[in-house]
2 protein chains.
Amino acid sequence: MPRTVGQIDQAKSQAILDAAAEVLGTGGLSAPMDEIARRAGVSKQTIYNHYGSKAELIRAIVDRRVEEIAAPLLAPGAQDHPQEALAGFGRVMLELVLRPLGRSMLKMTVQAADDMPDLARAFYEAGPKTSRRRLAEFLRAETLAGRLAVDDPDQAADFFAGMVIGVRQIAGLLGVEQAAEPEVIEQVAQEAARRFLRAYGVD
Amino acid sequence: MPRTVGQIDQAKSQAILDAAAEVLGTGGLSAPMDEIARRAGVSKQTIYNHYGSKAELIRAIVDRRVEEIAAPLLAPGAQDHPQEALAGFGRVMLELVLRPLGRSMLKMTVQAADDMPDLARAFYEAGPKTSRRRLAEFLRAETLAGRLAVDDPDQAADFFAGMVIGVRQIAGLLGVEQAAEPEVIEQVAQEAARRFLRAYGVD
DNA sequence: AACCGCCTGGACTGGTGAGTCCAGTTTTCC
DNA sequence: GGAAAACTGGACTCACCAGTCCAGGCGGTT
């Protein structure tokens, strides 16, 4: 049995968050608390002990995942050949968007945007905005190094991100799935990087 | 769809649709029927006389607008210089996405996707899918004419559409607005077209 | 004029779900 | 071992909302 800190059971906190993310992500934000409780193997009261309300539970889900979502975007090494670095960015973005986790996270946030605009904004800042910023920084650095000729790094970052995830994002939101085989991801990321380099190359 | 063609008031039908699109688009799909009735200057019973249920009302909204949404994409003349034709596509797409109508339509459909997957699919086919197809056809034609060198027109169309509307789409869904001045639209469309031509030019 | 059907407004039903309460049980801490 | 705190499960309250019902008003048709 797990160690507990206060008297509150941390393992249950995680189980609740996992169950809630799963249930709310697939069934929509209107999914009932009872189902979350059932899925988490926990009584409804316990959920309210840990998080005070449904809104705060949702907040907790997003807060927990938001940094872990943008984190992989630090990884791609900026010192390789630009083609590989760019493709790396693209691959990570695509995986983020196609993975059930990222998908349901976005869906939840969109659905919550009406009632909790602050949450939507926080998600936007931590997710899309941050990733664009990192990409823009990379483009700026590469331009300074003379390997690219990007005049407006922010716009160029938007362009590249849009190329890679554009369609799939909205297809995912609408529940119009197409499978996400790794080789497709790789092909799209590589091709987007290649075309982008042609569009913004120094030549 | 039961068209009880008695003395039913067509003007009221429109007023209801307009009010419903407004209310459901801004307040979310959970906005109450009473508010729609109030906004339309009509009794709730009348709404149920015209459309049988909330679900069918939503369906009617989407059905009415869906073709009128993709329609402008026919316009851009394919015979001009590719740069202008492409920029035209981009401009139309951007306006579609930024206009409150298109925005609320997308938001509604995303929110409804859980409960009415067929509606989401229909919207996807008529909207994003159709526009990509037309763009892809254009690219194919231009390639045949020797003015472009596009090997995979479908993917290229996705890329271009993503460049133009990518970020704004999700920003809009999250309610993180930035104003849409016409000159910004124009600049983005032109720049995207320019870069795309560099990426896919014949040279 | 008399009829018919759409309209209004407001009251009403039924279902669902958030959040609470409670009595009894388990777990942790000292 | 015993107290305190957390957990369970199930019943319960309360609010909200889709959809129905009804009594009366209004406009067109014959």
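Note on naming: letters A, B, ... go to the chains in the order of the sequence lines (proteins, then strands), and numbering restarts at 1 for each one.
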Check the distance between D/dC7's C1' and A/I16's CD1 and give it to me in whole angstrom. 11 Å
Looking at the rings of B/F89 and B/F138, which for Trp means the six-membered one, are their centres under 6.0 Å apart? yes
Looking at every strand, decide which applies to B/G41 at a 4.0 Å heavy-atom threshold: base, sugar-phosphate, or nothing. sugar-phosphate
Please pick, from C/dT8, C/dG19, D/dT8, the nucleotide with the shortest atom-to-atom distance to any side-chain atom of A/T46. D/dT8
Out of curiosity, A/L57 CG to A/R59 CZ, how far, rounded to the nearest 0.5 Å? 11.5 Å
For a quick test of reading the model: is some side-chain N or O of A/H50 closer than 4.0 Å to OP1 or OP2 of D/dC7? yes
I need the CD-P distance between A/E56 and C/dA18, as an integer number of Å. 15 Å
Each nucleotide of nucleotides 10-17 of chain D classed B (base within 4.0 Å of a protein heavy atom), S (only sugar-phosphate) or -, in 5' to 3' order, makes --------
Separation of C/dG19 atom P from A/Y51 atom OH, nearest Å, is 15 Å
Do B/R103 and B/K107 have side chains that get closer than 4.5 Å, going by heavy atoms? no
Are A/Q187 and A/E191 linked by a side-chain donor-acceptor pair shorter than 3.5 Å? no
To the nearest Å, give me how far apart CG (A/D115) and C1' (C/dA18) are. 14 Å
Spacing of A/Y124 atom OH and B/I170 atom CD1 [to the nearest 0.5 Å]: 7.5 Å
For the pair made of CG in A/L29 and C1' in C/dG17, what is the distance, rounded to whole Å? 14 Å
With a 4.0 Å cut-off on N to O distance, would you call B/R65 and B/D18 a salt bridge? yes
Calculate the interatomic distance between A/N49 atom CG and D/dA5 atom C1'; express it in whole Å. 10 Å
In plain terms, say whether B/K44 and B/D34 are close enough for a salt bridge, that is, a side-chain N and a carboxylate O under 4.0 Å apart. yes
In whole angstrom, give the distance that lies between atom CD1 of A/I36 and atom P of C/dT16. 18 Å
Interatomic distance where CD1 belongs to B/I47 and P belongs to C/dT8 [whole Å]: 10 Å
Side chain of A/S53, heavy atoms from C-beta onward: which of C/dG19, C/dT8, D/dT8 has the nearest atom to it? C/dG19
